[in-house]
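All remarks here apply to the structure that follows.
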Amino acid sequence: GFTLIELLVVIAILAVLAAGVFVAIDPIDKINAANDAKVQNYIGQIRQGMEAYAVSNLGVYPANPSPTLVNSGDIKVVPSAPTGYTYSYGAGGPSQYACGTLQSKKYTATPFWVWCSTSGKAGPTTACTTCP
């Protein structure tokens, strides 16, 4: 048999190990990383809808994708941002951008995911108005 002190020591050691594993995994950052992936995917969907709209409208991009892209049939539904995240868009016309916020530790220096029609690229940037 074990004495009460030996059992308490083992429980304390297991608690310290469990706390260390919990800190190493960082579940909050994992959730933020998953939400960042959603933002990147959604900005890609919005990009495809805006480009399809521009092709049909002589190179003019819509100012607000919510009603315009859905009404034109270029996308079925404008994706909504995960809780705590935001999207923003340019003014439309001959060029456009779509921007979403990022929150995981990986994107601390570049907390925005931006697609710009002028460059045709999407990627992390320091501001919504900065093209990747």
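The structure displayed is predicted, hence computed values, not measured ones. No hydrogens, no waters, no symmetry mates; every other heavy atom, side chains included, goes into these values.
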For Asn57 and Gly59, indicate whether the former's side chain and the latter's backbone hold a donor-acceptor pair under 3.5 Å.
-> no

Taking Glu6 for the side chain and Thr3 for the main chain, is one N or O donor matched with an acceptor at less than 3.5 Å?
-> yes

Whether over 12 other heavy atoms sit under 6.0 Å from Leu58 CG | no

Mark yes when over 12 heavy atoms from residues, nucleotides or ligands other than Ile5 sit less than 6.0 Å from its CD1; otherwise mark no.
-> no

Sidechain N-carboxylate O distance under 4.0 Å for Lys106, Asp29 = no

Shared ILVMFWY cluster between Val60 and Tyr97, side chains joined below 4.5 angstrom?
-> no

Report yes or no: do Tyr107 and Asn32 form a side-chain donor-acceptor pair below 3.5 Å?
-> no

Can you measure from CH2 (Trp115) to CE (Met50) and round to the nearest 0.5 angstrom?
-> 6.0 Å

Can you tell me if Ser117 uses its side chain to pair, donor with acceptor, with the backbone of Gln96 under 3.5 Å?
-> yes

Gap separating the CD1 atom of Ile75 from the OH atom of Tyr53, nearest 0.5 angstrom | 12.5 Å

Short question: side chain of Asn41, backbone of Ala37 - any donor-acceptor pair under 3.5 Å?
-> no

Taking all atoms of both residues into account, what is the closest heavy-atom pair of Tyr42 and Ser80, and its distance?
-> CE1-O, 3.3 Å

Which atom names give the shortest non-hydrogen contact between Thr130 and Thr125, and what distance separates them?
-> O-CG2, 3.2 Å

